Structures are given as C-alpha cells and as structure tokens.
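See structure below.
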Amino acid sequence: MTSPVRVRFAPSPTGYLHVGSAHSALANWLFARRVGGEFLLRIEDTDAERNRPELVDNILEMLRWLGLDWDGEPIRQSDRGELHLAAVETLVAAHAVYACDCTAEDVQARNKAAGGKPGYDGFCRDRGLEPGPGRALRFRVPDEGRTGWDDLVRGEMSFANADLEDFVVVRGNGKPLFLLANAYDDADMGITHVIRGEDHLNNTPKYLLLQDALGLTRPEAFAHMPLLVNEQRKKLSKRRDDVSMASYRDAGYLPEAMVNYLALLGWGPPDGIEVRPVSEIVDLYRLEDVNPSPAFFDPKKLSFVNAEHLRALSTDEFLARAEPFLTRGVPSMEALRVLATEAQERVRTLTEVEPMVDFLVVDEPEVDEDSWTKAITKGKQVPEMLDASITRLDALAADAWTAEVVQEAIGAAAIDAGLVNAEGKPQLSKAQGPVRVALTGRTVGLPLWESIAVLGRDRTLARLRSTRGRLG
RNA sequence: GCCCCCAUCGUCCAGCGGCCUAGGACGCCUCCCUUUCAAGGAGGUAACACGGGUUCGAAUCCCGUUGGGGGUGCCA
C-alpha cells in the first residue's frame, strides 16, 4: 500500500503570482484533486532580504481567485528555522558538510588561474576547518556515482555526481539556504510528488543527495513541468513580460478560462476538446501526458478560450461577472438583460462589455472620430437619413416602442432617404450607420433596433436631432 | 566554458514502428449568413530541423550535428 498522495506549491514571495508559477501550481492541484490527495501550500520566505510580506497576500488571493484551493493552513518556511538548524546539526555530525571560508572572489580568482572554470573547486574540502561565524557549510558531493529519479514528465533522469560542485548549504551567518530548507521540508511534510518548473531540474540531484544524507525518505516521483516562454522563447519573467495573474483578472479574464488555458500549455485532452469545465480537466489531466518542451503563452488563444467560457455562462451569471467592470455606471437590469445575450456573444473579455453598453448611461455618447468620418462625413444621404429617421421615429407612440417597430421605422426612413437597392428594398446596412453613430458614437456595436428600443424614445430622438444639428 | 533539458504547421496540442498523401485547435485568408461588429457555417494557408544508422517499413527507436532554452549565487 503506497502512501496517500501529497503535493505542495512552494512559492517564494519575491513577486506577484504570475502565469508561470500558476501553471506549476495548477499541475499540483490537478494531480492532487484527481487522485484524492492533498495539495499543500508552503511559502518559501527564508530570504529576509528579498521577502515582501504583502506579496504573500497577493499569491493567496490569486490562487483563491483561480479556484486552486489548498488543504490546511499555508506553511511558512520561516517558522521552521529550528527544524532546519537541527537538520544542519545532523549533516555536521555525519560529516556530510564541511566549513568553508572562501569568498566568492577567492573562488573566482582560483578558477581564473586554473583556466576559467566557474563553480566551487573544493578548496576547503579537506582543510578541516571548524564551523563558525563567517564560515559557510558546503555539502560534500560524492566524487562518483549518479543521482537519479523517476520523472513523470521526462522519464528516468540522472546526473553524474562528479558534475555537481560542493554547494553551499548554510550561509556564513548560519542561515540555511533554499536547497536545504526545500529538501528538508518536503520530506518532513511527507510530500510524495514534487511537481515544479523545469528550472529546478538541476537542483534535483542536490536535493536528493541532501535528503539521503539526512536519512530522509525521498519523494516517490518528480514532475518537472515545461517552462512557459514569451514570443522570444525566453522563460516568462515578471520583469519583462507583464504576466502577473492580477493583471489578467483586471483585464476581464475569467478564472476558469485562465485555468483551462494554462492546462492546455504542455497538455491536451485525449478527446481533443480543448475548451471545457475545470472539473473535466481534473478528471482527464495526466502528468505522464505532459509534453516536456517549453510552451509559448499565447494571449490570442487565451482570449479565445475566455470568449468561449464567457458565452457558456448563463445570462445572469454573465451579468454578475460583468458588473464590476461597468465603471461608468450600470444601466438598469431590465435594460441590460435585453442586450446581455447580444453582448455576451461579442466580447472576449469582461472589459469589453462597457464600451458596448455605455451609451445607455452617458448623457451624450462620446463620438469616436473614425466612426464619425466613416458614417457621417463619408456616408451617403446622411442628412436625409437622419431627418427621415427623426420623422419616422417621432411618429411612433412611446408605448409602441419595440425593436420590431423601430426596425420598420428605420426601414421606411431609408426608403424616404433614397437608400434603396435595385428591388426597392431599404439598404439597412447603409442606413443604420449614421443612426448608430448618432446614438452610440461608434459604427460598431450591439444590434441597433434592440439598442434603440432600450435607449428609449426621448433619448433616441434627442441624440438624432443633436447630431443632425451638428451637420447644419 | 561546463552541466542539463527540448526539437511536428506562425502558436498550442495529437501522433508513442505500418491506419500519415501527418490530424485537431488558435491565428491568418476567402466565401456564405447578415442592420454594424461578433457569433455561426463552408473552404484555404501552413510542420515532422539536418545527417547517419536500426528495421521489410521511421514523424515515431539509436547516435551525431545544428538550433532554442534552462542551470551554473553564502537567491528561491
């Protein structure tokens, strides 16, 4: 009987949660949820210099937003200092580490003299220095043999010990380093599968050697996830790529769409259906099926996936999600509901809802210059069309103001204005241009008749007259 | 430099020795539908990096080359 699965996401609060870390977190979460294991959170905040506590809040907030719920309380690595120190004692007692007082400059100078090879040269290995202030502790890496592991994504992996340098485990100030804290905590917390980014691949043999030296149980397996890269094929970096999760949330992306898209990076469902509920992805996702090559984070496809999820929402749900993005005012729910399904079909992000419905809440529509040029300045029979529209619509009773009636009126106006085709039918395509710009300020938007119906008789006529007035 | 990883359309994924004249998706292009824009429908564009093996047979296995990336901290 194998032990129950337990995985962890171990972010370091040195930056906001970005799509790359979220991708790793997701792989952990999907794995744990499918097999009924535990998904733990461990904040790796041992570097006091670079830690920003407020970033922990951001990381937790974004994980919650994505729906990647974790089990138990987040563990702070900084609370585990004593355990790490005890582990250091074990290493010292076992002679697995030795003291070293070389400075980085010393090492570099010797390397230069020796032919320019970077890395530690083992200078202090046999000097028998006593551990003490200012002296780092280095791990005595075996000269021979290989250290390997089972990698769910990449198969059997192994490194020659001879290629590993004697890495530092404890700083000169007595503070244990990431490698030690990480390897120790994973074992101590009973982590069975270590799922992380490929950038940790080179750390893994050191990690394993450390656990061996401490007499700890190694994880059953690892999974080194493909890196997410930008269009230059470089690892996504928070510095140059603006990939913070919060910025996507604020740009109107749905968390389920983000999760869906992230899952598609390095993996594809067996039935080829890419856009689907997260619950289905939980059932289908397999680390064994993850493609090990780096994947480009494609905003265009994210956009498509988001649009699909947006359309799958019920009207009420769509409105609820869109509401926080209506910063210029929220039209009445009755008004919104009429246009909601139309808007839902057209937007790719929630931020795109506002420009489609803001004509309902502003006093005067903001006129888009290009739209004005296109439909008014360069339009045909514009004054005639506006005049005819005003006449026809003004003739309608307020209680007969429906999309159907409005459509008929505009059609009649088009005929009045001479906008007819060979068969004498109104050219609605041309006729609606000036009217749309007069009412919404733009040439593109939601279906006009419905928009007019919702805008109401008074405002519609007022805007048409105002625009007609501008033409002189 | 050294170590390591990766290598199928522009992008993501499928393919795990014959079903491949390589499939799906995004993007892009054309057409249809149409009150604008979308959505939808129908088409189209486009890839196995290269060279050696292994095999009756290779996109699939092995080796090399090339290319890309990651690591190489008393950061995580």
Side-chain angles (χ1 to χ4, degrees), chain A residues 10-15 44-47 49-51 77 100 102-104 111 115-120 134-138 153-154 157 159-160 162-165 167-179 181-182 197-205 224 226-227 229 231-235 261 264-275 289 291-298 300-305 307 311 342-348 352 356 371 374-375 407 410-411 414 426-433 435-437 440 442-451:
Chain A
S12 150
T14 54
E44 308 226 315
D45 55 354
T46 52
D47 185 354
E49 307 278 294
R50 307 197 317 155
N51 264 334
Q77 197 162 54
C100 169
C102 298
T103 64
N111 286 340
K117 290 186 185 175
Y120 187 67
R135 289 176 179 174
L137 255 30
R138 286 184 181 272
V153 174
R154 290 152 210 276
M157 299 284 307
F159 282 65
D163 289 329
L164 307 174
E165 62 180 13
F167 54 94
V168 173
V169 167
V170 182
R171 293 183 176 90
N173 65 9
K175 289 280 200 181
L177 251 19
F178 156 78
L179 232 18
N182 185 258
E198 191 202 312
D199 44 350
H200 283 289
L201 210 50
N202 293 273
N203 288 150
T204 305
H224 285 97
L227 252 25
V229 300
E231 45 276 84
Q232 280 79 240
R233 297 253 128 207
K234 300 255 193 249
K235 178 169 81 158
Y261 178 63
L264 258 18
L265 258 19
W267 175 84
D271 58 9
I273 300 172
E274 295 186 319
V275 178
D289 294 336
N291 184 336
S293 26
F296 169 57
F297 183 84
D298 185 0
K300 284 228 184 82
K301 181 135 184 185
L302 201 215
S303 213
F304 165 79
V305 174
R311 278 182 223 117
E342 298 291 350
Q344 202 172 347
E345 242 177 36
R346 272 156 253 259
V347 298
R348 297 171 79 84
E352 289 174 8
M356 286 186 173
S371 295
K374 191 178 170 195
Q407 175 175 3
I410 298 289
Q427 291 179 298
L428 293 175
S429 181
K430 286 188 178 123
Q432 59 95 41
V435 175
R436 183 183 291 280
V437 171
T440 70
R442 305 183 183 92
T443 50
V444 301
L446 267 13
L448 232 209
W449 329 136
E450 285 75 10
S451 297

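Small disclaimer: the values here were computed from a predicted structure and weren't measured. Below, all heavy atoms of this structure are taken into account, side chains as well, without hydrogens, waters or symmetry copies.
- Checked against B/C5, B/A39, B/A76, the side chain of A/Arg348 finds its nearest nucleotide in B/A39.
- When rounded to the nearest whole Å, the span between CH2 of A/Trp449 and P of B/C37 equals 13 Å.
- Distance noted for atom P between B/A22 and B/C9: 14 Å (whole Å).
- The distance between atom CG of A/Asp271 and atom P of B/C13, rounded to the nearest whole Å, is 17 Å.
- Looking only at distances, no side-chain donor or acceptor of A/Arg436 sits under 3.5 Å from a matching main-chain atom of A/Pro447.
- What separates CG of A/Asp289 from P of B/C13 is a distance of 12 Å, to the nearest Å.
- In this structure, of B/U36, B/A7, B/A39, it is B/A7 that holds the atom nearest to the side chain of A/Asn291.
- A donor-acceptor pair under 3.5 Å is formed between the side chain of A/Ser371 and the backbone N or O of A/Thr443.
- When the C1' atom is used for both B/G73 and B/G51, the distance is 40 Å, rounded to whole Å.
- Between B/C75 and A/Thr14, no contact under 4.0 Å exists linking OP1 or OP2 to a side-chain N or O.
- Remark: the separation of the P atoms in B/G43 and B/G67 is 42 Å, to the nearest Å.
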Where along nucleotides 41-50 of chain B does protein come under 4.0 Å, by heavy atom, of base (B) or sugar-phosphate alone (S), with - for untouched nucleotides?
-> ----------
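- The gap from the P atom of B/C37 to that of B/C31 amounts to 13 Å, rounded to the nearest Å.
- Put simply, CZ on A/Phe296 is 18 Å from C1' on B/C6, counting in whole angstrom units.
- The base of B/G24 lies close enough to the side chain of A/Glu274 for a donor and an acceptor atom to sit less than 3.5 Å apart.
- With B/C4, B/U35, B/G27 as the candidates, the nucleotide lying closest to the side chain of A/Pro447 is B/U35.
- Going from the C1' atom of B/A49 to that of B/G44 covers 26 Å, rounded to whole Å.
- Note: CG (A/Asp163) to P (B/C3) measures 6 Å, nearest angstrom.
- With sequence neighbours excluded, the residues that form a ring pair (Phe, Tyr, Trp, His ring centres under 6.0 Å) with A/Phe178 are A/His200.
- Which of B/A76, B/C37, B/C5 sits closest to the side chain of A/Arg154 comes down to B/C5.
- For A/Ala295, taking side-chain heavy atoms from C-beta onward, the closest of the listed nucleotides B/A76, B/C13, B/C6 is B/C13.
- With distances taken from any side-chain atom of A/Arg346 to the nucleotides B/A76, B/U35, B/C37, the minimum falls on B/C37.
- Taking atom C1' in both B/U72 and B/C13, one finds a spacing of 33 Å when rounded to whole Å.
- Proximity note for A/Lys301 (side chain, C-beta onward) versus B/U35, B/C4, B/C12: the nearest is B/C12.
- Judged by distance alone, with hydrogens and angles left aside, the side-chain atoms of A/Arg346 form a donor-acceptor pair with the main-chain N or O of A/Glu342 at under 3.5 Å.
- Side chain of A/Asn111 to main chain of A/Gly119: a donor-acceptor pair is present (N/O by atom type, distance under 3.5 Å, no hydrogens or angles).
- When atom types are taken as modelled, the side chain of A/Tyr261 and the backbone of A/Phe304 share no donor-acceptor pair closer than 3.5 angstrom.
- On the C1' atoms, B/U66 is 14 Å away from B/G52, given to the nearest whole Å.
- Contact annotation for A/Phe167: no contact, since no heavy-atom pair falls under 4.0 Å across all strands.
- At the heavy-atom level, A/Gly266 lies under 4.0 Å from the strands shown only through sugar-phosphate atoms.
- One interatomic measurement links the two molecules: CH2 of A/Trp267 to P of B/A14, which rounds to 10 Å at whole-angstrom precision.
- The partner of B/G1, taking Watson-Crick or G-U wobble pairs whose two distances both stay under 3.5 Å, is B/U72.
- The distance between atom CD1 of A/Ile410 and atom P of B/U35, rounded to the nearest whole Å, is 14 Å.
- Toward the 5' end of RNA chain B, the nearer of the two residues A/Leu265 and A/Gln432, judged by each one's closest nucleotide, is A/Leu265.
- Within 4.0 Å of A/Glu450, counting heavy atoms only, lies at least one base atom of the nucleic acid.
- Residue A/Asn111 contributes atom CG, which lies 14 Å from atom P of B/C2 at whole-angstrom precision.
- Residue contacts shown for A/Met356 are absent, as no nucleic acid heavy atom lies under 4.0 Å away.
- When Watson-Crick and G-U wobble pairs are counted only if both distances are under 3.5 Å, B/C31 pairs with B/G41.
- Taking only side-chain atoms of A/Arg311, from C-beta outward, the nucleotide of B/A39, B/A7, B/C4 with the closest atom is B/A39.
- Where A/Gly272 and A/Gly445 each meet RNA chain B at their nearest nucleotide, the meeting point lying more 5' is that of A/Gly272.
- When the C1' atom is compared between B/C62 and B/G70, the two are found 25 Å apart, to the nearest whole Å.
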Encode nucleotides 58-74 of chain B as B, S and - characters from 5' to 3', where the letter depends on protein heavy atoms closer than 4.0 Å: B to the base, S only to sugar-phosphate, - to neither.
-> ----------SBBS--B
